Amino acid sequence: MPELPEVEVTRRGVTPYLEGQIVTAVIFRHSGLRWPFPLDLANHLIGCRVRGTGRRGKYLLIHFDHGSLIIHLGMSGNLRILPLETIPKKHDHFDLVVGQQVMRMTDPRRFGAVLWHDAEKGPVEQHPLLRGLGIEPLEDVFSGQILYQQTRHRSAPIKQVLLAGDIVVGVGNIYASESLFQAGINPKTAAHRIGLARYDKLAAAIREILARAIAKGGSTLRDFIGADGQTGYFQQSYFVYDRAGQPCKICGALIEQIKQGQRSTFYCKNCQK
DNA sequence: CACGACTCCTGCTGGC
DNA sequence: TGCCAGCAGGAGTCGT
């Protein structure tokens with residue numbers, strides 16, 4: 001269910017239940033997801049106090065004095081806060097028990113991850129998975145100028161450069177199509193052939209679309225489940241994503257669907273040049 | 001360095 | 001109605 005907005009909404013949802021609380025149990029019900037679980041995690045965490053949470057791209061961070069838990073939700077993961085006695089279901093793989101609540105991770109496709117980063121190895125931002133990540137799209141330093149500078153040697157289509165995450169993080173397959181539509185840029189355009197003015201529009205579009213999705217509580221994803229278990233009302237608010245063959249909401253031309261790097265891209269031939 | 005193909009896994013949908 | 005190929009919101013890794 002990820003995309004940056006859903007991860008951020010999840011982070012905000014679980015934070016009040018975690019912050020300042022003492023971990024009383026850690027339970028794994030599977031040997032691992034994308035990578036093996038840190039099976040000795042209980043030794044690191046039981047009796048320790050959660051200092052706060054954070055996020056880097058689509059990685060959710062739970063900070064302790066001596067290190068950080070790194071959680072990725074993959075394609076199908078979610079975190080929920082549940083009463084202690086809640087019986088786990090088939091794809092519930094990881095529990096972090098804090099006080100009278102359990103933070104439970106569910107992930108049917110198991111593309112997610114749970115990792116431990118020890119503070120002795122330096123700040124968590126230096127973790128191998130986080131080190132190479134691009135800039136945060138909602139921070140002030142993100143701009144069209146950055147996109148322009150960083151793409152001068154990138155001949156790949158702009159859609160794939162956005163998804164790669166090494167220039168800007170958190171723009172997933174849905175919001176990549178949506179932002180390119182809003183900026184009027186054809187997703188097939190080679191990144192180094194796009195000028196500063198168009199990158200200014202793209203940066204603004206990315207920022208606006210992600211911020212709006214967060215404000216709506218991540219409800220723009222069909223099966224997004226928030227930390228409180230609310231499924232959110234799915235609203236058909238996309239301009240192009242998943243609308244192949246339907247009329248463009250701006251010009252009426254039919255929305256095209258193509259494949260780029262094994263992923264579907266949706267765009268309007270007429271509005272995006 | 002940059003790019004593109006491949007891969008992990010389960011569940012659901014659409015076409016026959 | 002039933003079956004099954006194909007596809008799904010991610011992203012690390014490897015070969016070129």
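No hydrogens, no waters, no symmetry mates; every other heavy atom, side chains included, goes into these values. Fair warning: this is a prediction, and the values are worked out from it, not measured in the lab. Lettering follows sequence order; numbering is per chain, from 1.
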Asks: Quick one: do A:Asp65 and A:Arg49 make a salt bridge, cutoff under 4.0 Å?
Replies: no

Asks: Who else is in A:Leu115's hydrophobic cluster (ILVMFWY, side-chain heavy atoms under 4.5 Å, direct or via others)?
Replies: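 Under the 4.5 Å side-chain rule, A:Leu115 groups with A:Trp35, A:Tyr59, A:Leu61, A:Ile70, A:Val124, A:Leu129, A:Leu130, A:Leu133, A:Val169.
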
Asks: Honestly, is A:Arg243 close enough over A:Tyr241, meaning NZ or CZ under 6.0 Å from the six-membered ring centre and within 45° of the axis?
Replies: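 No, A:Arg243 and A:Tyr241 do not form such a contact.
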
Asks: Under 3.5 Å, is there a donor-acceptor pair between the A:His63 and A:Ser68 side chains?
Replies: yes

Asks: I'd like to know if the side chain of A:Glu8 and the backbone of A:Arg55 have a donor-acceptor N/O pair within less than 3.5 Å.
Replies: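 Between the backbone of A:Arg55 and the side chain of A:Glu8 there is no qualifying donor-acceptor contact (under 3.5 Å).
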
Asks: Sugar-phosphate atoms are those with a prime plus P, OP1 and OP2; base atoms are the rest. Using that split, label each nucleotide of nucleotides 9-16 of chain B B, S or - for protein heavy atoms under 4.0 Å, 5' to 3'.
Replies: BBS-----

Asks: Taking the P atom in each of B:dA5 and C:dC7, what is the distance between them to the nearest angstrom?
Replies: 15 Å

Asks: Name the pairs: protein N/O against N/O of nucleotides 12-16 of chain C, kept only if under 3.5 Å.
Replies:
{"unit_1": "C:dG12", "atom_1": "OP1", "unit_2": "A:Tyr59", "atom_2": "OH", "d": "2.4"}
{"unit_1": "C:dG12", "atom_1": "O4'", "unit_2": "A:Arg34", "atom_2": "NH2", "d": "2.8"}

Asks: Check DNA chain C for consecutive Watson-Crick or G-U pairs with both distances under 3.5 Å and list the runs of at least three as stems.
Replies: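 Stems for DNA chain C, defined as runs of 3 or more consecutive pairs: B:2-8 with C:10-16, B:10-16 with C:2-8.
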
Asks: Considering just the side-chain nitrogens and oxygens of A:Gln160, establish if one lies under 4.0 Å of OP1 or OP2 belonging to B:dC3.
Replies: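 Checking B:dC3 against A:Gln160, no side-chain N or O comes under 4.0 Å of OP1 or OP2.
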
Asks: OP1 or OP2 of C:dG9 versus the side-chain N and O atoms of A:Ser76: is any pair under 4.0 Å?
Replies: no

Asks: Under the side-chain contact (heavy atoms from CB on, under 4.5 Å) rule, collect the residues that match up with A:Arg198, sequence neighbours excluded.
Replies: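 A:Arg198: side-chain contact (heavy atoms from CB on, under 4.5 Å) contacts with A:Ile185, A:Ile194.
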
Asks: Could you pull out all residues at least two apart from A:Asn186 that satisfy side chain to side chain donor-acceptor pair (under 3.5 Å)?
Replies: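 Checked A:Asn186 against side chain to side chain donor-acceptor pair (under 3.5 Å); zero matches.
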
Asks: If I pick the P atom on B:dG14 and the same atom on C:dG9, what distance separates them, to the nearest angstrom?
Replies: 15 Å

Asks: How would you list, by chain and number, every residue that makes a side-chain contact (heavy atoms from CB on, under 4.5 Å) with A:Gln257, sequence neighbours excluded?
Replies: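 Expected list: A:Ala244, A:Ser264, A:Phe266.
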
Asks: Once you round it to whole Å, what is the distance between P of B:dC1 and CD1 of A:Ile167?
Replies: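 Nearest whole value for this atom pair: 14 Å.
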
Asks: Could you identify which residues of residues 255-268 of chain A place a heavy atom less than 4.0 Å from some atom of DNA chain C, listed by residue number, or say none?
Replies: A:Lys259, A:Arg263, A:Ser264

Asks: Partners of A:Ala25 by side-chain contact (heavy atoms from CB on, under 4.5 Å), sequence neighbours excluded?
Replies: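 For A:Ala25, the residues satisfying side-chain contact (heavy atoms from CB on, under 4.5 Å) (neighbours in sequence not counted) are A:Val97.
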
Asks: Using whole Å, what does the distance between atom C1' of nucleotide C:dA8 and atom CG of A:Asn78 come to?
Replies: 16 Å

Asks: For A:Phe239, is there any backbone N or O sitting under 3.5 Å from a side-chain donor or acceptor partner on A:Glu178?
Replies: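 Yes.
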
Asks: Once ring-ring contact (aromatic ring centres under 6.0 Å, His included) is applied, do any residues pair with A:His117, and if so which ones, sequence neighbours excluded?
Replies: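 Partners of A:His117 by the ring-ring contact (aromatic ring centres under 6.0 Å, His included) criterion, ordered by chain and then number, come out as A:His127.
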
Asks: Can you tell me how far P in B:dC6 sits from the matching atom in C:dG6, rounded to whole Å?
Replies: 15 Å

Asks: Just to confirm, is there a sub-4.0 Å distance from OP1 or OP2 of C:dG9 to any side-chain nitrogen or oxygen of A:Tyr175?
Replies: no

Asks: For A:Gln145, enumerate each residue passing the side-chain contact (heavy atoms from CB on, under 4.5 Å) test, keeping only those at least two apart in sequence or located in another chain.
Replies: A:Ser143, A:Gln149, A:Leu196

Asks: Strictly by ring-ring contact (aromatic ring centres under 6.0 Å, His included), give each pair with a member in residues 73-113 of chain A just once, sequence neighbours left out.
Replies: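 Listed once each, the pairs are A:Phe28-A:Phe94, A:His30-A:His93.
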
